[in-house]
Amino acid sequence: MANETTPFLSGSTRRRSFSRFGDDVPSSGVRPSGDSITNIPLALEQWHRRSISNQSEVARDILPRRRSGKHRTAKSTGHIGVDVGGGSIQGHQRVRSFMQTVDGSISALTPIEMGRHELYEELPFLAIPGLQKKEHNLSVAFSSYAAALDALETDEYLASTGKPLNAEEKEKRLSQMSLLLLDELEVDSTVVTTPLIFAVLIASMLMFNMGYNISVMNAPEPFVFPGHSTSAWSMAVAAFCVGGPFGSVLAGQWADQRGRRGALLLTTWLFIFGGLVQSMAPSLSVVILARMLIGVASGASTVLVPVYLGELAPPNLRGVIGTLTQFALVIGIFFADLVGFLFANANQWRYMFALTTVMALLQLALTPFLLESPRWLLGRNANSSKARFIIKKLRGFRYDEEVETEVNHYLGAAKTQGLDGVDDNDSRSSSYDGDWEDKENPNQPNNKSSQNAMTEMFADKTIRLLVVSTLVLQVANQLSGINAVFFYSGLFFEGVIDNPLVGTTLIGGINVIATYVALLLMDRCGRRTLIMWSSAGMFVSCVIIVLSLKGYLDKLVALGAVASYVSFFEIGLVLVVAEMFEGKYVTSAMSISSQLNWTCNFFVGLLFPYINKALGPYSFVPFATVLLLTFVYAWIWLPETQGTTPEELQAKLIKKNVNTTYHNMDIEGTVSGGPPSQDEWAEALASMQSYEDNAGEESVVKSQM
């Protein structure tokens, strides 16, 4: 029956084989419940990425002591540090933790490995800014959850000796084990290998090139084919946004067919070719075509870079790496403004366009260091030796056992994050990922699409408001007018300051600083709060800009107001779609959001010169109207989108694993010792199988008697 232990666990001989308390100690395991796991220890709330040595000191301070006052700390050999009536549980070899699910299947994972597996399953394979809070909350939730199981199992054993833990000792042990496990889980966020560094560097260059091409048309506008019409120039600017949606759609197909690495190389070649055509263009019409091609490369970059890096990085590093790529984007915008001082003139403007090719060629020279995504390789062949070799290099593993555990994390997460049996890697359901082949029938067509996924999300009442909010905020993101500043700030600052390029460059520099401040605020404030502050601050900035242009305020105040406008945008309206949805919905939500964002961006790039010409000093009034409506929507309808708290995540873990039985939740031993050996586990499994075979034969004999 589902709730009964299997024969090998109910027999005392077999139970002794799995006990962490000694060879002669039976164990029936423990199960999570709301009564036994109720809250996050206070010690975790005060945890702030201490060094391992400092963390060990904290752990020693709160290590549980017996009533007799005797105390024994954990040894590097994995002995558990609990004194029992003058003696201690020691002298046994550390054995592997394991969990038995309701269907009787067994997984041999240490508590640390269980925690990492949970992170893989719950976090999307995307490197995007803003995930750090969710990553940390998941680590805190699992650390508390596993520590509670450890304390339950320890108390169960000590109760059998007549000396159970009292309330104070339980709390101390829970705090100690939580801290030890959390510190171990967070190690992934501080350990970075050289291959991963090269991957981040090379992929970030794509985002840098994209940012560069967002702003590159600003400074040289008066010198590029003088005499061009407003419509021709606005089309040249907006053509970038025409290619973007096509690139984001095509990127999924390239990633499926060529692999993530191959798709990145193809995107690099598009930047090379587009930059060459643009720098050698004989007319503005050719510039428009080149901008469209560069837009395709940029759209593909927005898809490929977060997916590629998310599939290479461990879960605890995806948010940090996403932050670096966001910085690469805004630094690219700033760099285009700086370059304008050198080349924005009648004789050298083509050099500005040629830099797109130069940067892409530099990236191409570094591609021998670019590794293929192990997730894509495992999707094509779960037994891929190449994927295992890459994982070993990326993680710096020394043992094959560690590699196989990591492979299982990848494969398990792929199944968990699938939508209705379809993995989120399927590019036919989302342009954001690649295809995991059907091993039984690889030629079988798949009818899933992003439209079907969106229909399913709208049908789910629990996330319907989040879906609507995502679409509303994507529209607000672009119709707030932010890219009108980056596309046309030179046009806007004419008459405001003597050299418009100085104003443009100041705004670009402030944008970089504001991005850093915004990334700090993301982990400290709720998203709804930030969106309301952002839209309100941008609205007030728009009002000040209009008043300044009308002459009621000094025109230099307009420059400060634009700086304020850009800064407020960065703290709130830079959206993090991935943290709003479960892993199985993330790629579909991001796909439709990307298309909508590019479409709105196109209209802003195309129409702002006409708006500026028609409205003059009132040109920011339409943007102010959108921002006011955004504030009202956020105030009345927008739910908090930052993500679930550690308490909510822990409750989800309890519900998910309510029928799972855990054995040997030895956090102390697995943290203090080295990589566990599989020998004892393999021997125990063989013994278990032998026991079940013998038990089956005995039952057959009895039935025949």
Side-chain angles (χ1 to χ4, degrees), residues 20 30-32 37 40-41 43-45 47 49-50 52 55 59 78 94 96-99 101 107-125 131-153 173-191 313-319 395 397 401-402 404-413 416-417 583 643-657 660-676:
R20 64 185 170 108
V30 291
R31 285 185 176 179
I37 304 176
I40 303 293
L44 291 189
E45 297 177 8
W47 187 94
R49 291 187 186 277
R50 301 182 181 93
I52 293 178
Q55 192 64 58
R94 186 180 77 245
R96 212 170 169 80
S97 308
F98 70 97
M99 51 193 288
T101 57
S107 298
L109 296 173
T110 67
I112 298 166
E113 292 167 349
M114 291 179 191
R116 286 178 179 145
H117 192 81
E118 204 66 43
L119 288 170
Y120 266 94
E121 288 191 343
E122 294 298 325
L123 293 170
F125 282 96
L131 279 183
Q132 293 96 318
K133 185 72 172 180
K134 186 173 183 179
E135 293 165 357
H136 181 67
N137 284 350
L138 279 167
S139 296
V140 168
F142 184 83
S143 297
S144 174
Y145 171 80
L149 294 173
D150 172 280
L152 283 172
E153 193 173 42
R173 182 169 187 86
L174 181 61
S175 296
Q176 177 212 21
M177 296 306 152
S178 299
L179 287 168
L180 288 175
L181 185 55
L182 178 60
D183 199 61
E184 189 71 17
L185 288 175
E186 295 281 0
V187 163
D188 283 343
S189 63
T190 60
V191 178
N316 277 341
L317 268 178
R318 291 172 193 165
R395 302 290 186 268
F397 290 148
E401 176 191 344
E402 295 174 296
E404 289 304 319
T405 299
E406 194 77 0
V407 167
N408 288 331
H409 292 336
Y410 272 98
L411 297 178
T416 302
Q417 295 184 18
T644 48
T645 64
E647 289 79 8
E648 292 169 331
L649 291 167
Q650 182 171 266
K652 182 179 177 181
L653 282 169
I654 295 171
K655 182 178 180 181
K656 174 183 175 182
N657 299 298
T660 301
T661 304
Y662 293 86
H663 298 259
N664 297 324
M665 292 297 290
D666 188 3
I667 295 172
E668 191 172 24
T670 52
V671 168
S672 60

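Values in this document were obtained by computation on a predicted structure and should not be read as measured data.
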- Task: Check the pair L138 / E118 against side-chain contact (heavy atoms from CB on, under 4.5 Å), numbers first and verdict last.
- Result: CA-CA 8 Å; L138 279 167; E118 204 66 43; 5.5 Å; no
- Query: Which value, rounded to the nearest 0.5 Å, describes the distance between L411 atom CG and E404 atom CD?
  - Reply: 9.5 Å
- Heavy-atom nearest pair, A313 first then R318, reads O-NE, 3.3 Å
- Least distance between heavy atoms, L174 atom then S144 atom: CD1-O, 3.9 Å
- Check against side-chain contact (heavy atoms from CB on, under 4.5 Å), E113 and E402: CA-CA 10 Å; E113 292 167 349; E402 295 174 296; over 6 Å; no
- Item | Donor-acceptor contact present, side-chain E135 to main-chain G319, <3.5 Å | yes
- Locate the shortest heavy-atom distance separating R116 from E184; write the atom from each residue and the value. NH2-O, 3.7 Å
- Could you walk me through whether E153 and Y662 pass the side-chain contact (heavy atoms from CB on, under 4.5 Å) test, one step at a time? CA-CA 9 Å; E153 193 173 42; Y662 293 86; over 6 Å; no
- Non-neighbouring partners of Y120 that pass ring-ring contact (aromatic ring centres under 6.0 Å, His included), sequence neighbours left out: H409, Y410
- Reported NE2-to-CD distance for the pair H117 and E122, which is rounded to 0.5 angstrom: 10.0 Å
- Message: Which heavy atom of A413 sits nearest to which heavy atom of F125, and what is that distance?
- Response: CB-CE1, 3.6 Å
- Item | Interatomic distance, T405 atom OG1 to R395 atom CZ [nearest 0.5 angstrom] | 12.5 Å
- Mind listing the closest non-hydrogen atom pair of A147 and S178 along with its distance? CB-OG, 3.1 Å
- To the nearest 0.5 Å, how far apart are CG in L119 and NZ in K134? 11.0 Å
- Message: If I compare all heavy atoms of N316 with all of L185, which pair ends up nearest, and what's the gap?
- Response: ND2-O, 2.6 Å
- Message: Using side-chain heavy atoms (C-beta onward) and a distance below 4.5 Å, is F142 in contact with L181?
- Response: yes
